[in-house]
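Heads up, the thing below is written out as structure tokens.
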There are 2 protein chains.
Amino acid sequence: MLTIGKLGEAAGVKVPTIRYYEQIGLLPEAERSSGNQRLYGRRAMEQLAFIRHARDLGFTLEAIRDLLSLSDRPDQSCAAADAIARAQLAEVESRLARLIALKAELERMVVQCAGGRIADCRVIEVLSDHSLCAHDHLSVPKSVDASLALPASTSSSN
Amino acid sequence: MLTIGKLGEAAGVKVPTIRYYEQIGLLPEAERSSGNQRLYGRRAMEQLAFIRHARDLGFTLEAIRDLLSLSDRPDQSCAAADAIARAQLAEVESRLARLIALKAELERMVVQCAGGRIADCRVIEVLSDHSLCAHDHLSVPKSVDASLALPASTSSSN
DNA sequence: CTTGAAGCTATAGTTGCTAGAGACATTAGG
DNA sequence: CCTAATGTCTCTAGCAACTATAGCTTCAAG
């Protein structure tokens, strides 16, 4: 039986994050020691590693919740898990496409900045005048839009 | 003079977002009509477009605040603006590298999912067992870590 | 003149944590 | 056995960058 600190160390998740996962019901309530401290066994360890790994891949906590409940029913079809993973892949691809466009534009801005005065600065200029910029709106369909952020991937280590 | 709704429409920014920008001091306080409604002129329009565009490129509000104050002093060197843009480019590049790795792994997961039972599901399996996965930790140095999210880019339209 | 859209303020919610305060538990050293 | 240093507990508040809600006032059209 591990204390929360050891578990966090082992799984590469910070202690408050583990408590947070329990609080939102992503992890089951832990057993407690006589002194009211959380104790974890092998099962909790595996589940936390699963969560950590899925977060690393950019899955939302909601998606992970779904995946966990799926993995509790090993006899069902894995179509649902597949769908979740495919959706995640689609999101990543869309973020990727957008980031590539951003990179191109930032590079243009930076390269063209001759190091002169602000008044001539290409960076400020491009930001000020949309028509100077390559992509004509960068507009992303509304449905995809909320998905542009990658959930920050929990800086490894406890 | 435009009302807030027209301004938002013109700049592609939602009305509450404009008020939010004013609240946090990113936009100056707007003039008011006799009936206490905000009125905007050409200057505000340009500034909002600048902000919108910079947000599209993934700059944080803090970075934008800096860029705006720079653009108010056109005689200064543009080295600072250049530095901000370069930092942003570096961030985008790091997110990009990571997303590419994620995409590869998700593709592997999805392709290998044969559509059978959960018990054999490659998706669940890979998530459960870190050793099955290609990247050996995906660990990002702490300093870069907070920067993985792209700030969601304000879904165009008002 | 009335109705409906658009505006106002203020507050709370979102996601996925992270940080702090103040109190109790456990463990290592002397 | 005592003490000091950690570790853990709960609870609350904070971060970015908005978004949504409630309950009100103002405005433009018919």
Side-chain angles (χ1 to χ4, degrees), chain A residues 1-27 29-40 48 51-52 54-65 91 142 145-158, chain B residues 1-27 29-40 48 51-52 54-65 91 142 145-158:
Chain A
M1 284 297 192
L2 303 171
T3 59
I4 197 170
K6 304 294 173 193
L7 177 71
E9 210 172 319
V13 176
K14 287 180 191 156
V15 167
T17 305
I18 299 173
R19 289 197 277 250
Y20 170 70
Y21 287 161
E22 178 181 314
Q23 192 196 308
I24 64 169
L26 200 60
L27 287 174
E29 292 195 12
E31 285 178 65
R32 298 300 181 113
S33 73
S34 56
N36 197 36
Q37 303 198 342
R38 289 174 181 81
L39 292 177
Y40 299 92
L48 185 55
I51 295 170
R52 161 82 213 259
R55 289 294 296 128
D56 276 350
L57 290 171
F59 289 89
T60 64
L61 294 183
E62 263 327 291
I64 293 170
R65 205 188 288 275
E91 273 190 28
K142 268 176 186 174
D145 184 46
S147 69
L148 280 164
L150 175 63
S153 107
T154 77
S155 75
S156 31
S157 63
N158 61 322
Chain B
M1 286 299 193
L2 303 171
T3 59
I4 197 169
K6 304 293 173 193
L7 176 71
E9 209 170 321
V13 176
K14 286 178 193 159
V15 167
T17 304
I18 299 173
R19 289 196 278 248
Y20 169 71
Y21 286 162
E22 178 180 314
Q23 190 196 308
I24 64 169
L26 200 63
L27 287 174
E29 293 194 12
E31 284 179 65
R32 297 298 181 114
S33 72
S34 56
N36 196 36
Q37 303 198 343
R38 289 173 181 83
L39 292 176
Y40 298 92
L48 185 55
I51 295 170
R52 161 82 214 258
R55 290 293 297 127
D56 276 349
L57 290 171
F59 289 90
T60 64
L61 294 183
E62 263 328 290
I64 294 170
R65 206 188 287 275
E91 274 190 26
K142 270 179 184 169
D145 183 48
S147 69
L148 280 164
L150 174 63
S153 108
T154 77
S155 78
S156 27
S157 63
N158 67 321

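Naming convention: chains lettered A, B, ... in sequence-line order (proteins, then strands); numbering from 1 in each chain. Computation of the quantities below employed the complete heavy-atom set of this structure, encompassing side-chain atoms and omitting hydrogens, waters and symmetry-equivalent molecules.
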Partner set under side chain to side chain contact (heavy atoms under 4.5 Å, CB included) for A/Y20, not counting sequence neighbours: A/I24, A/L61

Rounded to whole Å, the CG-P distance (B/D56 to D/dA17) equals 14 Å

Working to the nearest 0.5 Å, report the span between OG1 of A/T17 and CD1 of A/I51. 11.0 Å

Using atom CG of A/L61 as one end and atom P of C/dG16 as the other, report the distance to the nearest whole Å. 4 Å

Let me know the distance between CD of B/Q23 and C1' of D/dA16, rounded to the nearest Å. 14 Å

Within the side chain of A/R52, is there an N or O that forms a donor-acceptor pair under 3.5 Å with the backbone of A/V13? no

Side chain to side chain donor-acceptor pair (under 3.5 Å) filter on A/E22, not counting sequence neighbours, yields A/R38

Check whether any side-chain N or O of B/K14 sits under 4.0 Å from OP1 or OP2 of D/dC18, and answer yes or no. no

What residues form a side chain to side chain contact (heavy atoms under 4.5 Å, CB included) with A/L2, not counting sequence neighbours? A/K6, A/L7

From C-beta outward on B/S34, which listed nucleotide comes closest to its side chain: C/dT18, D/dA17, D/dC27? D/dC27

To the nearest angstrom, the OH-P distance between B/Y20 and C/dG13 comes to 17 Å

Tell me whether A/R55 contacts the main-chain N or O of A/F59 through its side chain, where contact means a donor paired with an acceptor under 3.5 Å. yes

Nearest whole Å is fine: how far is D/dC11 P from A/I24 CD1? 17 Å

Within the 4.0 Å limit for protein heavy atoms, which parts of nucleotides 4-10 of chain C are touched? Write it as a string from 5' to 3', B for base, S for sugar-phosphate only, - for none. ---SSB-

Could you state the CZ-C1' distance from B/R65 to D/dA16, rounded to the nearest angstrom? 12 Å

Are there any protein N/O atoms within less than 3.5 Å of an N/O atom in nucleotides 28-30 of chain D, and if so, which ones and at what distance?
none

Non-neighbouring partners of B/E62 that pass side chain to side chain donor-acceptor pair (under 3.5 Å), sequence neighbours left out: B/R65

Minimal non-hydrogen separation, A/G5 against A/V15, with atom names: CA-CG2, 3.8 Å

In whole angstrom, what separates A/L7's CG from D/dT8's C1'? 14 Å

Return no unless some side-chain N or O of A/T17 is found under 4.0 Å from OP1 or OP2 of C/dT18. yes

Begin from the C-alpha positions of A/R32 and A/L39 and carry the test side-chain contact (heavy atoms from CB on, under 4.5 Å) through to its verdict. CA-CA 6 Å; A/R32 298 300 181 113; A/L39 292 177; over 6 Å; no

Kindly say if A/Y21 contacts the phosphate of C/dG16, meaning a side-chain N or O under 4.0 Å from OP1 or OP2. no

Rounding to an integer number of Å, can you tell me how far A/E22 CD sits from D/dC9 C1'? 12 Å

